[in-house]
Trainee: 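Okay, handing you the structure first.
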Amino acid sequence: METMTENKSENKKRVFSAIKPTGNPTLGNYLGAMQYWGGMSDEYDCIFSVADLHAITVAIEPKDLRENSKRLFALLIAVGIDPEKNVVFMQSHVRAHSELCWLLNNYTMFGEARRMTQFKEKSEKAPENINVGLFDYPVLMAADILLYQTDIVPVGEDQLQHVELCRNIAERFNNRYSPTFKMPEGKVPKAGARIYSLTDPTAKMGKSDSGDAGAVFILDTPETIMRKFKRAVTDSDAAVKASPDKPGITNLLNIYAALCGITVAAAEAEFDGCDYATFKTRVGEAAVERLRPVREKYDALRRDDGRLSELMRAGADTAARIAARTLEKVYKKIGFVRT
Ligand code: TYM
């Protein structure tokens, strides 16, 4: 396992992505990102992480951070990321992430970080906790990506701006010294790149909306999933067609397309003449069927904490070795004395 990913073959491109353990992972996380990750290891050299260091930029209780982190690690494996074929690890287990973040801070402009949409949104949501970590968040994310000489970053649409910032930082550093970092590219899926809330289809479906009927969680029971879909808001006119003035139906069509791996046009054709209630039930059923095996695998993994810890350690060992090479290069280029 280690040799395969560590000694990355020259012709296989590297993929890196991560997800942070705040709140409860949603169908949005799954359709926009996680569902693709498991299938990438044949073509790419893949590294996936639970971004726990990112999770403390918003207020979180220690017990929640612990539970969310374990849950997400198990869930990454449950959605299909085979730890024998991929590197899967907890971000905080590899110290190079924090170290490179500090170094990159000095090549990131205040003005460019201030422009990040997510920083602005989160600041508005929690004006009492606009901490420096929240501001620095995209720089840590750049460190995550750049440490592994990443070619491709598979993410949902909301993360593209951060990947763009990462590219700017990499370019600035490479120009200031000499080529050090690979230039990564963000990649969003055709369907599912932005899934909206089922109750407010103008707002993103988010992990922290626990208790909100608008978010479907990957680990929701089939009954809960069905209930949430049946109550999803629709629009006044009755045709199942995507259009800008029908955000509810458009979102459901997009969800169905992403679940079934088809285009929105194909989904529209499938539901031509269908009434809203039947349509919502069919989308709910597709989600239930898709998530059922994930939930079963997840339950099995959570029965063995010892095994989970072993997998975390193995993943972190491999990741740390790869990351150390880049970090050492960076220290040297800047002019730090190394012994
Ligand atoms: P996070 O944890 O918010 O989300 C994880 C992934 O899920 C995608 N996503 C969505 N896609 C479609 N519709 C939605 N409603 C939706 N909500 C979330 C996100 O785009 C993301 O791909 N900063 C990152 C985690 C991170 C990271 C990285 C990602 C840390 N370091 C390095 C890539 C590379 C985040 O908070 O994602």
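Whatever order the structure lists ligands and atoms in, that order sets their numbers, starting from 1. Each residue takes its place number in the sequence, starting with 1.
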Trainee: Side chains of Lys329 and Thr180: do they bring a donor and an acceptor to under 3.5 Å?
Mentor: no
Trainee: Between Thr221 and Thr224, does any side-chain donor sit less than 3.5 Å from a side-chain acceptor?
Mentor: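 Distance-only check passes for Thr221 and Thr224.
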Trainee: Do Tyr177 and Tyr107 have side-chain N/O donor and acceptor atoms under 3.5 Å apart?
Mentor: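 Side-chain D/A pair, Tyr177 to Tyr107: present.
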Trainee: Are the side chain of Arg14 and the backbone of Cys46 linked by a donor-acceptor contact shorter than 3.5 Å?
Mentor: no
Trainee: State yes or no: do Leu140 and Val330 share one hydrophobic cluster built from I, L, V, M, F, W and Y residues joined by side-chain heavy-atom distances below 4.5 Å, directly or via other members?
Mentor: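 Cluster IDs for Leu140 and Val330 differ.
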Trainee: I'd like to know if Lys12 and Asp45 make a salt bridge, using a cut-off of under 4.0 Å between side-chain N and carboxylate O.
Mentor: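 The answer is no: the pair does not qualify as a salt bridge.
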Trainee: I'd like the contact residues of ligand 1, where contact means a heavy atom below 4.0 Å.
Mentor: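 Residues within 4.0 Å of ligand 1: Phe16, Ser17, Ala18, Ile19, Lys20, Gly28, Asn29, Gly32, Ala33, Ala51, His54, Tyr137, Met141, Asp144, Ile145, Val153, Val155, Gly156, Asp158, Gln159, Gly192, Ala193, Arg194, Ile195, Lys204, Met205, Lys207.
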